[in-house]
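Data block below; observations after.
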Amino acid sequence: MDSERTPYKGRLRRLPSVDRLLLGFDEAIEQFGRKATTSALREALGDRRKRIVSGEPSSTDEIAIRQTALKMLRDGAAPGLRRVFNLTGTVLHTNLGRAILPAEAIEAIKSVATDYSNLEFDLDSGKRGDRETHVEKLLCELTGAEAATVVNNNAAAVLLVLNTLAMNREVPVSRGELVEIGGSFRIPEVMQRANCTLIEVGTTNRTHLKDFRDAINDQSALLMKVHTSNYKIVGFSSEVDLTGLVSIGEKHKIPVMEDLGSGALIDLSRYGLPKEPVVAERIALGADIITFSGDKILGGPQAGLVVGKKVWVSQMNKNPLKRALRCGKLTLGALEATLRLYQYSVNIADDIPTLKAFTRSLKEIEEMSERLLPPLQKALGQGFHLVLEKPRE
Ligand SMILES: *Cc1c(COP(=O)(O)O)cnc(C)c1O
């Protein structure tokens, strides 16, 4: 038996050798291979050696060491990125992967992943094609825009717009709209990396059209509006609306962009939900460029969508940054399938899981909670006491 007084050198000597541990460890060798098993045993032995030297309690028992190694092997073999339960009540949770894809999008990913595809091949003409043809057409139809392009996420979309239209020039933005989105997306920093000069306009709570007019000079390249999706300025406040900004832009021949963040393709107020800006409505108001995410309210794959006037979108497609920010075939397949649902589905709120979650009735949510309560209580054990709190009528 080890005791506090046993000199640690003696205890170290009692640790079995790797060869000895490998004998009788066929269970692991068969499943994980000799090489991985050997290195797991080495790691398990190393841990014990360290603990013995630092005087912590540690067993030198062979069976226990093999068990430690087996746990390491099993943990290492399990996928790192895996399914979890989302019990937060937040439908679009960035830390939990945002939108759950529609079945059609998953089917599209599978189809382009398991075979060759016409990604950049035009089957009609037999010539080289453009990877964005299919999503561009759908995006234009769904938003009324002249042109569209797609990049990796909305942060990339904003970066691409700024860098293409305003490199080395000025971009006036209201002080009330210099947003930070979780995960280090901040308008002033993106502006800097896009090589544009941010011109802060107005004050935190109030910005007027006159402030924008005063900020414009021959260096102004783009007027920017940002949807404050994660906060609200209330009280004595006023913001410049898109229509006003568009009229100034037209007068001075400066394009106007709006970063909508989670722009919606349909009006959520149809379902009794708070209104989120609808991309087609913003285009109709005269915005030159709109940017929004593929995996927020839209309910598709992670992507940054840019829609707007052809003159600007074609410049973006020629920017070398576009090549670095472009989407892969899996994203394009999933996005096209999701957009197709918006175009053709007769019951969109049923076919897009994100919209389905948003439009559930209170009764449905309560019934689900009642169903979940007993197994959840069981899984958490006696240290927890769960109760269902219903919102007051
Ligand atoms: C979410 C958001 C972004 C960033 O979009 P990602 O798709 O997460 O890169 C940018 N601007 C606004 C206003 C947003 O809400």
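Both counts, for ligands and for their atoms, begin at 1 and track the order of listing. The structure displayed is predicted, hence computed values, not measured ones. What's counted below: heavy atoms across the whole structure, side chains too, no hydrogens, waters or symmetry copies.
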Does Arg98, backbone or side chain, put an N or O under 3.5 Å from an N or O of ligand 1?
->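 Indeed, backbone or side chain, Arg98 has an N or O that close.
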Does any N/O atom on Leu260 come nearer than 3.5 Å to any N/O atom on ligand 1?
-> no
Please verify whether a non-hydrogen atom of [X] lies at under 4.0 Å from ligand 1.
| X | value |
| --- | --- |
| Asp259 | yes |
| Glu177 | no |
| Lys296 | yes |
| Val179 | no |

Set of salt bridge (Lys or Arg N to Asp or Glu O under 4.0 Å) partners for Glu177, sequence neighbours left out |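 With sequence neighbours excluded, Glu177 shows a salt bridge (Lys or Arg N to Asp or Glu O under 4.0 Å) to Lys225, given in chain and number order.
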How close does the nearest protein non-hydrogen atom get to atom 9 (O) of ligand 1, and which residue and atom is it?
-> Ala155 N, 2.9 Å
Where is the nearest protein heavy atom to atom 10 (C) of ligand 1: which residue, which atom, and how far?
->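 Its nearest protein heavy-atom neighbour is Asn154 ND2, 3.2 Å.
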List the steps and the verdict of side chain to side chain contact (heavy atoms under 4.5 Å, CB included) for Val173 and Glu200.
-> CA-CA 5 Å; Val173 186; Glu200 298 185 17; over 6 Å; no
Measure from NZ or CZ of Arg206 to the centre of the six-membered ring of Phe236 and say whether it is under 6.0 Å with the direction within 45° of the ring axis.
->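 Checked: cation-pi criterion met.
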Can any side-chain N or O of [X] pair as donor or acceptor with the backbone N or O of [Y] at less than 3.5 Å?
| X | Y | result |
| --- | --- | --- |
| Thr331 | Cys327 | no |
| Asn153 | Ala303 | no |
| Gln377 | Gly381 | yes |

Run through Glu136, Glu336, Glu120 and flag the one making a salt bridge (charged side-chain N to carboxylate O under 4.0 Å, His left out) with Arg131.
->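 Testing Arg131 for a salt bridge (charged side-chain N to carboxylate O under 4.0 Å, His left out) against Glu136, Glu336, Glu120 leaves exactly one candidate, Glu120.
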Atoms of ligand 1 less than 4.0 Å from [X] heavy atoms?
| X | answer |
| --- | --- |
| Ser293 | 5 (O), 6 (P), 7 (O) |
| His227 | 13 (C) |
| Phe185 | 10 (C), 11 (N) |

Verdict with reasoning, Ile266 to Leu355, per side chain to side chain contact (heavy atoms under 4.5 Å, CB included) = CA-CA 10 Å; Ile266 55 168; Leu355 296 180; 3.8 Å; yes
